[in-house]
Amino acid sequence: MAIVEPVPASSESARRRLSLRSPASLEPIGEIEVHDQSDVEAALERARKAQPAWAALPVEARARYLSRALKVLLDRADDVIDCVIRETGKTRSEAVQMEIFASADLLSYYAKRAPKFLAPESRSLHGVMRFLKKLTLQRIPLGVVGVITPWNGPFVLAINPVAQALVAGNAVILKPSEVTPFSGMMVAEIFQEAGLPEGLLQVLTGDGETGAALANAAVDKVAFTGSVRTGRKVAEACAKRLVPCTLELGGKDPMIVCSDADVENAAAGALAGAFMNTGQYCCGTERVYVVDSVADDFIDAVVRRAGKLRQGAEGEFDVGAIFWPQQMDIIESHMADAVEKGANVRVGGRRNPDLEGLFYEPTVLTDVRQDMLIMQEETFGPILPVMRVRDEDEAIRLANDTRYGLGATVWTRDPHLANTLATSLESGSVCINDMTVTFGIPEAPFGGRKDSGVGQVNGESGLRGYCHTLPIIADRFGGRNSRSFYPFTSKKADGMLKTARILFGTSLGRLLS
Ligand code: NAD
C-alpha cells in the first residue's frame with residue numbers, strides 16, 4: 001500500500017484530498033478525493049435506481065457480465081499488475097498470483113456456478129408434512145451492498161465480494177482502502193469495460209470518514225474486510241440499523257510442526273506462509289510451534305532458506321515492500337519488544353539498508369516467549385517467530401492462547417493426528433501440510449472465529465449470503481386444511497396427541513418422520 005498524506009485544501013475542491021506515494025520507490029503516484037456522507041447518499045440513490053432492472057435479469061444473464069469481466073481482466077492484466085505494484089510495492093509474482101490468478105479463478109468460478117447456486121430450489125419436507133405442503137426456496141437479492149476493503153490484497157479482496165454481490169442481483173458501492181484506491185478503481189473499470197449497466201458498481205474513494213459514512217448509510221448489507229478495530233465499528237453501525245454484515249478481520253495464525261513432520265516441507269511452508277505478500281496476509285503464518293524432537297532440524301532449515309530470499313520490488317524478487325509506514329511502525333515495535341524480552345534474531349531483524357523504500361528484511365526469530373507482542377498481536381510483516389514446545393498438546397494449548405482465530409496450519413505425516421489437532425484448534429480454518437490457502441478455495445467457507453470475524457464468505461453459502469433466502473410454502477390441497485383449524489375442541493386436541501404418540505413414539509411412525 002502506498003504512503004498517504006493529506007493535500008493542503010484548495011478553493012477548487014470542497015472535498016479533502018489525499019496524495020499517495022509508492023512505498024517502494026517513494027515516488028508520487030496520484031491523489032484521491034475523500035468522499036463524504038452526501039456522496040454516499042447520492043451513490044445510494046443511483047444504486048437504488050439501477051438495481052431493480054438488474055435483479056430482474058435471469059442469473060444466467062448477470063453471470064455473463066462476470067465472464068466478460070474475466071475476459072477484460074485477462075486482456076488488461078498488465079495494467080492491473082502495474083497498478084497493484086505501484087500502490088503496494090509487492091513483487092510481480094505476488095501481484096500475478098494473488099491478484100490476477102485468484103481473481104480470474106473466482107470470476108470464472110461464480111460465472112459458471114452462480115446460476116446453479118442461486119436457482120430456485122424445491123426441498124422435500126420431512127414426515128407427514130411432505131404429503132401436505134410443498135417448499136420452494138427463492139434467492140432474492142438484498143438490494144444495495146456496501147463493500148469496504150483493506151490494502152493488502154487491494155484488487156482481489158475488492159473484486160471477490162463485488163462479483164458475488166453483483167451476480168446475486170445487487171448493486172454495489174465499493175470503498176477501497178485509502179492506501180490502495182487505484183486498485184479498487186480498476187475493479188470498477190474492468191466491469192465498466194465488460195458493459196455493466198451504470199449505477200450498479202460505484203467506487204467512493206476516501207479514508208475512515210468515507211467508510212464510516214457507507215457503513216452507516218441505508219445499505220442492505222456490508223461486506224467488510226479489515227482490522228478488528230474497524231470491524232467492531234462496522235458491526236455497531238450495522239447492528240443499529242439491523243442489517244447483516246460479514247466481517248473478515250485480522251489473525252495471528254499458528255503453525256504446528258509435529259514430531260513426525262517432513263521438516264524440509266514444513267520449513268518451506270513456513271517461509272511461504274510468513275513472507276508471502278511481505279507477511280501482510282491475513283492468513284499469514286504469524287507464529288510457529290515446533291515439537292522439540294525436530295526443532296533443531298526445522299530451525300536450521302528455516303534459517304538456511306530465509307537467508308537466501310531476495311528482496312526488492314522491480315525485477316525478480318521473493319519478498320517485496322511494506323505497503324505503508326504505519327505497518328512498519330507496528331513491525332518495529334513488535335520486534336523491539338521481542339528483542340528486549342530475549343528473542344534471538346537468526347535472520348534479518350532490521351529495515352533493509354540497501355533499499356530506499358519501505359523494506360523490512362525477512363526475519364526469523366527463536367527463543368521467543370508467549371507473552372511477547374510478536375506472539376500475541378497481529379504483526380502483519382515478514383517476521384517468523386519460532387517457539388520450541390514439548391509436544392503437540394503444548395502446541396495446541398499455546399496456539400489457542402490468543403484472541404484471534406482466523407487460520408492455522410498443521411504439519412504431520414499422520415492423517416489421524418492431523419484431524420485431531422485440526423479439530424482442537426480454535427480456528428476459522430485449518431490447512432494440513434500447506435500454508436493457509438482457504439481463501440483461494442471457494443468450496444471451503446472462509447471466516448474467522450473469536451476476534452477474527454463474523455460470518456463465513458465465498459462459495460455456495462457465501463454467494464447466497466448476498467440474497468435473502470425466501471421459503472415459499474404451498475399447501476398441496478389448495479388451503480382446504482385451513483377450514484378444519486377452528487373451532488378448537490378437546491376431541492381434536494386428543495386426536496393430535498394420539499397422532500403425536502404414533503408418529504414419534506412407534507417404530508412405524510419413526511419410519512415416516
Ligand atoms: P482497516 O480496518 O484500517 O481498514 C479497512 C477499511 O476500512 C479501509 O477501507 C478503511 O478506510 C475503512 N475504514 C476505516 N475506518 C472506518 C470506519 N470507522 N468505518 C468503516 N470503514 C472504515 O484495515 P487495513 O489496515 O486496511 O487492513 C489490514 C487488516 O485487514 C489486517 O488486520 C488484516 O488481517 C485484515 N484482513 C483480513 C482479511 C480476512 O479475510 N480476514 C483479509 C485481508 C485483510
Side-chain angles (χ1 to χ4, degrees), residues 1-2 4 16 18 32 34-37 40 87-88 98-99 102 146-158 160-161 173-181 183-184 203-217 219 222-238 240 245-253 276-286 322-331 377-381 403-407 427-429 436-440 444-458 462:
M1 121 176 138
V4 186
R16 274 194 299 128
L18 301 171
I32 55 162
V34 177
H35 289 93
D36 59 19
Q37 193 184 332
V40 171
E87 283 189 315
T88 65
M98 193 172 159
E99 311 284 354
V147 173
I148 303 175
T149 56
W151 45 264
N152 61 324
F155 186 80
V156 68
L157 295 179
N160 183 39
I173 301 173
L174 167 65
K175 208 302 276 175
S177 168
E178 60 272 38
V179 198
T180 50
S183 300
V203 178
L204 293 180
T205 55
D207 52 17
E209 179 189 343
T210 319
L214 182 55
N216 284 283
V219 291
V222 177
F224 175 81
T225 311
S227 65
V228 175
R229 194 167 45 89
T230 313
R232 281 189 206 285
K233 293 182 192 164
V234 171
E236 277 169 24
C238 291
K240 272 193 199 129
C245 61
T246 49
L247 305 173
E248 298 175 59
L249 310 179
K252 189 74 194 168
D253 287 12
M276 186 182 113
N277 219 33
T278 326
Q280 301 155 118
Y281 172 46
C282 58
C283 294
T285 300
E286 289 252 337
I322 300 303
F323 299 176
W324 75 323
Q326 282 86 332
Q327 202 55 48
M328 185 66 98
D329 295 345
I330 295 172
I331 293 165
E377 293 302 323
E378 187 179 43
T379 307
F380 227 51
R403 67 187 177 111
Y404 295 102
L406 190 55
S427 178
S429 68
T436 300
V437 290
T438 320
F439 192 83
F446 179 84
R449 287 158 79 183
K450 298 159 113 179
D451 277 6
S452 288
V454 174
Q456 288 180 304
V457 300
N458 295 344

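Please read all numbers here as calculations on a predicted model, not as lab measurements. In listed order, ligands and their atoms are each counted from 1.
Near Leu406, the atoms of ligand 1 lying under 4.0 angstrom from a non-hydrogen atom of the residue are 41 (N). Listed by atom number, the atoms of ligand 1 under 4.0 Å from Gly208 heavy atoms are 11 (O), 13 (N), 14 (C), 15 (N), 16 (C), 17 (C). For ligand 1, the atoms closer than 4.0 angstrom to any heavy atom of Lys175 are 8 (C), 9 (O), 10 (C), 11 (O). Of all atoms in ligand 1, listed by their number and element, those nearer than 4.0 Å to a heavy atom of Asn152 are 43 (C), 44 (C). Atom numbering of ligand 1 starts at 1 in the shown order; those under 4.0 Å from a heavy atom of Pro176 are 9 (O). The contact set between ligand 1 and Val234, taken as ligand atoms under 4.0 Å from a residue heavy atom, comprises 20 (C). Applying the 4.0 Å criterion to heavy atoms of Leu157 picks out, from ligand 1, the atoms 42 (C), 43 (C). In the vicinity of Lys233, heavy-atom distances shorter than 4.0 Å reach the ligand 1 atoms 18 (N).
Residue Arg229 places no N or O, backbone or side chain, under 3.5 Å from any N or O of ligand 1. Note: an N/O pair closer than 3.5 Å links Leu249 and ligand 1 by distance alone. Where the criterion is an N or O separation shorter than 3.5 Å, residue side chain and backbone included, Trp324 fails it with respect to ligand 1.
Residue Ser452 comes nearest to Gly250 through the heavy atom pair OG-O, 2.6 Å, listed as atom of the first residue, atom of the second, then distance. When all heavy atoms are compared, the tightest approach of Thr149 to Pro176 is OG1-CA, 3.2 Å. Residues Leu157 and Phe439 share a closest heavy-atom pair of CD2-CZ, 3.6 Å.
Taking all heavy atoms of Gly226, Gly231, Cys282 into account, the minimum distance to atom 35 (C) of ligand 1 is reached by Gly226. For atom 19 (N) of ligand 1, the nearest non-hydrogen atom from the set Ala212, Cys283, Pro150, Ala213 belongs to Ala212. In this structure, of Arg232, Gln280, Glu248, the residue bringing a heavy atom nearest to atom 39 (C) of ligand 1 is Glu248.
Residue Tyr281 places no heavy atom under 4.0 Å from ligand 1. Using a non-hydrogen distance threshold of 4.0 Å, Gly153 does not register as a contact of ligand 1. Using 4.0 Å as the threshold, Phe439 has no heavy atom nearer than that to any atom of ligand 1.
Every salt bridge (charged side-chain N to carboxylate O under 4.0 Å, His left out) that Glu99 has, sequence neighbours left out, goes to Lys90.
Judged purely by distance below 3.5 Å, without hydrogens or angles, the side chains of Thr180 and Glu87 never pair a donor atom with an acceptor atom.
Rounding to the nearest 0.5 Å gives a distance of 8.5 Å between CG of Leu204 and CG of Leu174. Residue Trp151 holds its CH2 atom at 11.0 Å from CD of Glu178, rounded to the nearest 0.5 Å.
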Which donor-acceptor pairs under 3.5 Å do side chains of residues 229-238 form with protein atoms, sequence neighbours excluded?
{"unit_1": "Thr230", "atom_1": "OG1", "unit_2": "Ser227", "atom_2": "OG", "d": "3.0"}
{"unit_1": "Arg232", "atom_1": "NH2", "unit_2": "Asp451", "atom_2": "OD2", "d": "3.2"}

